[in-house]
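Working notes, beginning with the structure itself.
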2 protein chains.
Amino acid sequence: MARSNPPANSGPDAASSVPGATVARLPLYHQALVELGRDGETTVSSERLAELAGVNAAKVRKDLSYLGSYGTRGVGYDIDFLTKQVSRTLGLTADSAVVIVGFGNLGQALARYSGFAERGFPIAAIVDIDQSKVGSTIEDLPVQHLDDLPAIVAEHGIAVGVIATPLSAAQNAADALVAAGVQSILSFAPSNLDIPDSVPWRKVDLATELQILSFYQSRGGTLSHPA
Amino acid sequence: MARSNPPANSGPDAASSVPGATVARLPLYHQALVELGRDGETTVSSERLAELAGVNAAKVRKDLSYLGSYGTRGVGYDIDFLTKQVSRTLGLTADSAVVIVGFGNLGQALARYSGFAERGFPIAAIVDIDQSKVGSTIEDLPVQHLDDLPAIVAEHGIAVGVIATPLSAAQNAADALVAAGVQSILSFAPSNLDIPDSVPWRKVDLATELQILSFYQSRGGTLSHPA
DNA sequence: TAGATTGTTAATCGATTAACAATC
DNA sequence: TAGATTGTTAATCGATTAACAATC
């Protein structure tokens with residue numbers, strides 16, 4: 001654990017193990033740092049960063065310590081430098097193209113949503129299994145057929161697949177994305193998926209979020225912001 | 001901790017403390033149970049439920065034990081009965097009306113998305129602060145003004161506010177929702193919000209999900225499905 | 001009875017936090 | 001030097017899991 005100033009491992013970092021809970025918070029810090037940078041700030045303390053991220057200061061320091069020793073005692077963290085380190089740790093060094101699978105309600109909604117592109121995840125393609133939907137366009141993007149996924153992924157260098165199909169089609173979509181060679185998958189279907197260990201994936205279920213809130217709401221709201 | 005068979009507390013349950021990690025998984029079990037019910041199954045083992053939810057069987061039994069002693073040794077869990085218990089614990093006994101704040105890209109997307117209503121959270125109203133947007137309709141719903149929120153919430157008995165504004169307007173939206181009397185808040189803005197402890201809230205940031213995936217992707221994908 | 005499966009225990013593991021020495 | 005703030009330690013807390021007695 002001995003770590004001197006910046007000697008050997010200031011480069012791509014002594015990678016390996018960042019705890020899962022820390023990884024999940026790095027995007028929070030990243031977001032706060034970007035905002036501070038926009039505001040013209042140059043340094044930030046763990047105290048301030050914690051306030052912006054909605055966590056406690058000890059946690060911020062502990063989390064950041066997994067990336068390296070990038071603060072200055074008595075001063076704080078250099079915002080530009082730390083932003084770069086967090087970006088690098090998260091692998092956000094370049095944009096990652098996204099393909100949306102499923103041109104139903106949710107797929108169309110996501111296609112119109114500009115939030116992905118704004119944060120470095122441009123939507124490069126949309127596919128559906130339904131021939132009657134293929135050929136229509138949305139936001140200048142043509143809807144293509146699921147069968148063409150391997151070619152589409154290769155052509156655009158697509159890294160991420162987003163599953164926006166009905167529940168019944170989600171596993172098939174996952175299989176197609178894996179076969180086409182995407183490197184990770186985000187699913188909006190409320191079911192578990194069978195995906196090889198080599199492809200990290202996550203699930204976002206909007207109704208689940210509301211159901212969790214429902215629990216805390218029904219208990220008089222003693223606990224705020226249950227993470 | 002002593003809990004005998006079903007004597008005193010089989011009713012609204014010895015409420016109090018269900019661990020946060022368990023609460024976050026109850027919607028997973030709920031979803032799996034609903035699907036099993038649709039398939040005509042009548043009982044399920046912790047093993048099978050675990051498989052469907054993507055967790056391990058010991059965790060399922062431990063989680064369910066916080067709700068009460070609702071299984072039968074040697075047999076498993078009655079699906080109908082357990083579904084009701086999980087619903088009751090989550091406070092899903094009746095539909096909860098939702099208001100969407102922000103009629104931009106994301107707000108319109110959510111308004112078109114039917115997934116909320118299908119899971120018991122019908123969208124009852126949409127508001128925006130921009131007068132030029134007020135009066136348009138989407139999916140038969142009129143866009144109303146943010147200033148009318150208190151009346152709208154009261155009239156429709158709205159329980160949940162969904163923040164779909166730009167980052168810069170999110171805190172103002174939160175303040176308005178709290179003042180209007182919603183009971184919980186789901187925010188899509190990638191920032192921390194200052195909300196009283198009496199109103200539970202959660203944040204869903206789609207780009208954050210992709211950034212977390214980016215980390216695991218860049219590490220060779222050793223870890224699958226990082227929760 | 002034999003087989004199956006729960007509910008609970010206890011060990012382990014990982015995450016959180018306060019505190020403080022190091023050091024700018 | 002005095003004040004501020006990091007990086008790390010160590011204690012605590014909560015979550016996970018295997019194992020198994022209880023019991024259908």
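In what follows, chains are A, B, ... by sequence order, proteins preceding strands, each numbered from 1.
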Looking at B/Tyr77, I'd like to know whether one of its side-chain N or O atoms comes within less than 4.0 Å of OP1 or OP2 on C/dA4. no
Nearest whole Å is fine: how far is C/dA15 P from A/Asn56 CG? 15 Å
Atom CZ of A/Arg61 and atom P of C/dC24 are separated, to the nearest Å, by 17 Å
Return the value, rounded to whole Å, for the distance between atom NZ of A/Lys59 and atom P of C/dA18. 10 Å
Taking CG from B/Leu49 and P from C/dT5, how many angstroms apart are they, rounded to a whole number? 13 Å
Under 3.5 Å for both donor-acceptor distances, Watson-Crick or wobble: does D/dG7 have a partner, and if so which one? C/dC20
B/Arg48/B/Glu51 salt bridge by N-O under 4.0 Å criterion: yes
Whole angstroms only, please: what is the CD-P distance between B/Glu47 and C/dT6? 8 Å
Working to the nearest 0.5 angstrom, can you tell me the gap between A/Ile163 CD1 and A/Leu193 CG? 5.0 Å
When B/Gly71 and A/Gly20 are each assigned the nearest nucleotide of DNA chain C, the 5'-most assignment goes to B/Gly71
OP1 or OP2 of C/dT6 versus the side-chain N and O atoms of B/Thr72: is any pair under 4.0 Å? no
If the cut-off is 4.0 Å, is A/Arg25 near the phosphate of C/dT16, judged by side-chain N/O to OP1 or OP2? yes
For a quick test of reading the model: is some side-chain N or O of A/Ser46 closer than 4.0 Å to OP1 or OP2 of D/dT5? no
What is the separation between atom OH on B/Tyr66 and atom P on C/dT6, rounded to the nearest whole Å? 17 Å
Show your reasoning for whether side chain to side chain contact (heavy atoms under 4.5 Å, CB included) applies to A/Ile195 and A/Ile185. CA-CA 9 Å; A/Ile195 292 176; A/Ile185 293 174; 3.8 Å; yes
Base, sugar-phosphate, or nothing: which does B/Ala21 touch, judged by heavy atoms less than 4.0 Å apart? sugar-phosphate
Compute the ring centroids of A/Tyr70 and A/Phe81, then answer whether they are less than 6.0 Å apart. yes
What's the CG-P distance between B/Leu64 and C/dG7, to the nearest Å? 8 Å
Donor-acceptor pair under 3.5 Å: do we get one between A/Arg73's side chain and the base of C/dT23? no
Rounded distance (Å) that lies between atom P of D/dT8 and atom OH of A/Tyr70: 12 Å
Using side-chain contact (heavy atoms from CB on, under 4.5 Å) as the criterion, point out the one residue from B/Asp205, B/Leu106, B/Leu167, B/Thr165 that pairs with B/Phe188. B/Leu106
